Amino acid sequence: MPADMIAHARRFSLWLSRQLDGGQIDVARLQPMLAQPLQPQNLAAFAPWTDIAAAADETELARQLRLLRRYVLAQIMVRDLCGAAELSEVTASITHLADFAVNTALAFADAHYTALYGTPIGRYSGAAQHLSVVAMGKAGGFELNVSSDLDLIFVYPESGETDGRRSRSNQEFFTKVGQKLIALLNDITADGQVFRIDMRLRPDGDSGALVLSETALEQYLVAQGREWERYAWCKGRVVTPYANGIRSVVQPFVFRKYLDYGAYEALRGLHRQIRNEVSKKGMAGNIKLGAGGIREVEFIAQVFQMIRGGQNRSLQLKGTQETLAALAEAGILAPEAAAQLLEAYRFLRRLEHRLQYWDDQQTQTLPENPEQQQLLAESMGFADYEEFSGSLNAQRAQVSTQFNQTLSSPEENDSEAEQPLAGLWQDDAEVAEWAAQLADLGFANAAEAAERLAHIRSSSRYRHLSARAQQRFDAVLPRVVAAAAESSRPEAALPRLLDFLDSISRRSAYLAFLQEYPAALAQVAELMAQSPWLAEYLQQHPVLLDELLSAQLMEHPNWPQFIGALSGSLQAAGDPEAKMDVLRRFKHAQTFRLAVQDLAGRWPLEALSDQLSYLADILLEHTMWQVWQAMPKIHRPIPRFAIIGYGKLGGKELAYGSDLDLVYLYDDSAPEAADIYSKYARRLTTWLSGNTGAGSLYQTDLRLRPNGDSGFQAHSLEAFAKYQHENAWIWEHQALSRARFVAGSPEVGRKFEAIRRQILSLPREENPLRQEIAQMRSKMLPTHPAREDNVKYARGGVVDVEFIVQFFVLLHARQYPELLENYGNIALLDMAARRGLLSQDAAARTAAAYRHYRQVQHRQQLHGAGAVQVDDTLREHYEQVAALWREVFGEEIR
């Protein structure tokens, strides 16, 4: 019952008791408000605000706003203290009040001065101008406390003048409006105060102009904006109807396009200042600013937003709770860590509100009065203050642990082994001294490595680094050398690491990453020690360093989650190039994760190829849709178009750097279809293979389409079927055996598959087919010599296995339709053996050879194995395949 709720709540609030006992709150008016959370419409219904404004009764407006605040505060207290309101309801209710109060006061102030001076008009646009009020801090994040200040910034679009007889500049007009708004909310009257208004977050603080134009705001942020202002603007939210162009001004300042690891250093400095202030004032009991307090949870959330928000728009959130949840969902924070932080944050914020409920004071300090301590404990659900204190200390300890793990200084992690080399580097020592130190660290090629370090030290690239970048480079280089020394192959790791360091030296954020994350640096060193391909990939895409911090790095891909994140990022991206970058970053990140897991032995080769092929399928599907949406002229909302994968993509045998063999098909009777799909195909190919700042997506090969390079980029299904029946060569039917529908219209995909099956099931005479395939293999030899150290083209190698399988498919699929299934060469060999087309023994030996060849190719690419070692095992596999070739084609391999 509402009466019981009020009686319960007043025990824990002197302020509420005073209001009730003094008659400032009418219980009959309050009780109906307790039934449900407050909504903006409840605030609008509280008083006849329009009549107040129309009557220009400023005193009455001020009184009604203060009265509204009194009832809202009482409603929040009672519902919260009785367990009827979650934290999110409490903060939303008081933020709704703030938004309503600001807009009501602004409407009055604007009408008042418009009547005096006319409407402000933009000098360049000629349009009427409106003031935007930006709520900062907790108000911006819908996280206000019941006794919070309101941090506001006033911005108007452009300079100009009002159009009245007593004309004023827009600057002067909006300054008066802002002053009136502040007075209506901030002034203390007999009815109290609505909100304390704090304008110190505006450019230049108290010494700056009260209002400023968007141009002035942009100039300030670009030229003078400081790191702490980035954190403040992260929560900035326009609360008035006219947002104007503020977002486009602020967004690039807050969320950098690159991964901004320098944010650690800036936030660490800000936290250090707060800690010093807390220490000076003896505020250890402050649950906001003290160790393990609310501010540390907010810092953890915001540092990741600052670092990654420019690239991951799902992190561009205002509230702490939703940001922590998003960080867990993105794998940036471990789910258990995010859950602990959320639990602690909610506990601390509930406690903060109860401290403020006591006497409507803006305090975060625990009480010293025993009676108040006991009531506080009870209001938090504990039997006594001792039990409450134990729980509070546990929550703060959890926050401190997470905070220290996230924002501890890298200097705390320096090892003794780094110090001597660091000293030599700083002192610009002789090469011989470096060589001696490198030898002590275990480098067999110490002299060569020392020469390389000396070359870096004297290079123009190093000497022309900015002071900040050079400072970071100097701090990182000794750590890089130490990390290489600890890797499994120091001599391989060090030059690759130095190449990488050289390539990123002008990008200070990546130097900051290596400085901030010693464990990740050690991981980079080991990856580069094992794989030259991965070292080069990281050098091309240093943004992938961030993946090393992901909690999901070593987990098998959660494709539904990843696809959802990709779709969200594409939706948030603006222009086509931004969308292309999103697709490329997604591809690079997933490829990198798979490679790291591969080096750790997490993937059998066939399963890895399946994953890489599925990744390509995902990207082709999303690219198709994005290109279609970007087409200037389309005749239907969804294209009747399909991408067909051939070769390694078709057979789901993609490797890390594989090209995509593609054919584009459509099935559309519209008169303009041929022209539209031809343009669409060209754009699609550009989106796939074009280079942006994030690199390229895939190199594409369209030569397997009808008539090859001389043919159309996209073909109708009818034309494709006609070509396959009447003009295609046998080698094109061989290629069709490994083709599959990859992306696009499922209906077009089903029709293609029907054509494919029909073509592959055509009756064929055995001897002519055998002869034609054997001749085709012979024709390859001049351009692709059969060398034993090339497992693809060696006689008895990969191509011979593929030709054997394709012969069985083309000759016997009519009789055995299961051979039409695109299960890969190894599975098809087994199927052919079970149908008696070859012996089980021959099939097993050939499958083993094929698997061995793929392992050899994979090792060559990933581990940089160099020339293939032609040993007895490899020659034995060649001979096994050659024996089957003789059996199938009746000829010796030459």
Side-chain angles (χ1 to χ4, degrees), residues 644-651 653 661-663 665 701-712 715 717-741 752-784 786 792-793 795-825 828-829 831-832 835 837-838 846 850 881-882 884-894:
I644 309 303
Y646 277 69
K648 288 184 176 180
L649 176 62
E653 293 182 350
D661 294 303
L662 305 177
V663 169
L665 301 177
D701 191 335
L702 305 179
R703 289 176 295 177
L704 288 175
R705 68 187 188 268
N707 296 311
D709 285 339
S710 63
F712 296 110
H715 289 75
L717 274 175
E718 182 181 1
F720 178 79
K722 180 179 174 64
Y723 177 84
Q724 292 293 338
H725 276 288
E726 298 177 7
N727 303 105
W729 297 82
I730 283 294
W731 69 263
E732 291 178 285
H733 290 176
Q734 289 177 247
L736 194 61
S737 72
R738 283 164 61 83
R740 66 182 176 91
F741 165 69
F752 159 76
E753 181 59 20
I755 294 169
R756 173 182 172 274
R757 287 173 174 266
Q758 186 182 54
I759 296 297
L760 295 180
S761 300
L762 290 172
R764 293 177 174 87
E765 294 184 31
E766 183 171 350
N767 285 333
L769 177 65
R770 178 182 290 115
Q771 186 177 2
E772 193 161 354
I773 290 179
Q775 287 176 350
M776 177 57 63
R777 180 69 182 95
S778 297
K779 289 177 182 178
M780 297 174 68
L781 295 174
T783 53
H784 299 289
K792 180 174 182 179
Y793 293 108
R795 293 320 308 259
V798 169
V799 172
D800 287 339
V801 176
E802 292 175 344
F803 274 39
I804 290 168
V805 171
Q806 290 160 7
F807 171 77
F808 286 134
V809 171
L810 292 177
L811 184 61
H812 298 291
R814 184 180 182 86
Q815 183 180 1
Y816 303 116
E818 59 267 33
L819 293 174
L820 295 170
E821 302 300 334
N822 196 345
Y823 289 144
N825 290 308
L828 288 172
L829 282 166
M831 286 181 184
R835 298 298 174 271
L837 307 181
L838 75 164
T846 304
Y850 188 73
V881 176
L884 182 57
W885 182 277
R886 288 191 294 271
E887 181 182 331
V888 172
F889 291 101
E891 66 171 22
E892 290 290 336
I893 280 183
R894 298 182 297 278

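The first residue in the sequence is number 1, and the count goes up from there. This structure is a prediction, so every number in the text was calculated from the model and none was measured. Scope of the values below: all heavy atoms of this structure, side chains included, with no hydrogens, waters or symmetry mates.
Surrounding CD of Glu765 are at most 12 heavy atoms belonging to other residues, nucleotides or ligands under 6.0 Å away. A 6.0 Å sphere centred on CD of Gln775 holds more than 12 heavy atoms belonging to other residues, nucleotides or ligands. No more than 12 heavy atoms of other residues, nucleotides or ligands lie within 6.0 Å of CZ in Arg703, so this atom counts as exposed by the packing criterion.
With Arg705 contributing its side chain and Leu662 its backbone, the two residues share no donor-acceptor pair below 3.5 Å. At least one donor-acceptor pair under 3.5 Å links the side chain of Arg738 to the backbone N or O of Gly647. Between the side chain of Arg770 and the backbone N or O of Gly890 there is no donor-acceptor pair closer than 3.5 Å. One N or O on the side chain of Arg756 and one on the backbone of Ser737 form a donor-acceptor pair closer than 3.5 Å. Between the side chain of Asp661 and the backbone N or O of Leu702, no donor-acceptor pair lies under 3.5 Å. Although no hydrogens or angles enter the test, the distance criterion places no donor-acceptor pair under 3.5 Å between the side chain of Arg835 and the main chain of Tyr816.
Judged as a ring pair (Phe, Tyr, Trp, His ring centres under 6.0 Å), not a single pair has a partner in residues 755-782 (not counting sequence neighbours).
In this structure, Tyr850 OH and Leu829 CG are separated by 9.5 Å, a value rounded to the nearest 0.5 Å. The distance from the CG atom of Leu665 to the CD atom of Glu718 is 12.5 Å, given to the nearest 0.5 Å. One distance of note links CG of Leu736 with CD of Gln734; it measures 11.0 Å at 0.5 Å rounding. Here CH2 of Trp731 is found 11.0 Å from CE of Met780. Values are rounded to the nearest 0.5 Å.
The aromatic rings of His715 and Phe712 sit perpendicular, their planes meeting at an angle over 60°, well past the 30° parallel limit.
Taking 4.5 Å as the limit, every side-chain heavy atom of His784 sits out of range of all side-chain heavy atoms of Val799.
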Discussion item. Go through it in stages, so that I can follow the logic: the residues are Arg777 and Asp800, the test is side chain to side chain contact (heavy atoms under 4.5 Å, CB included), and I'd like the CA-CA distance, side-chain angles, deciding distance and then a yes or no.
Written reply: CA-CA 8 Å; Arg777 180 69 182 95; Asp800 287 339; 2.6 Å; yes
Discussion item. Evaluate Leu762 against Arg764 for side chain to side chain contact (heavy atoms under 4.5 Å, CB included), listing each step before the verdict.
Written reply: CA-CA 6 Å; Leu762 290 172; Arg764 293 177 174 87; 3.9 Å; yes
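In this structure, the side-chain contact (heavy atoms from CB on, under 4.5 Å) partners of Ala882, at least two apart in sequence or on a different chain, are Glu879, Arg886, Ile893.
A salt bridge is absent between Glu753 and Arg740; no separation between the charged side-chain nitrogens and carboxylate oxygens falls under 4.0 Å.
Counting only N and O atoms by type, the side chains of His725 and Gln758 include a donor and acceptor under 3.5 Å apart. For Tyr823 and Glu818, the side-chain atoms include no donor-acceptor pair closer than 3.5 Å.
Taking the six-membered ring for Trp, Phe889 and Phe803 have ring centres at least 6.0 Å apart.
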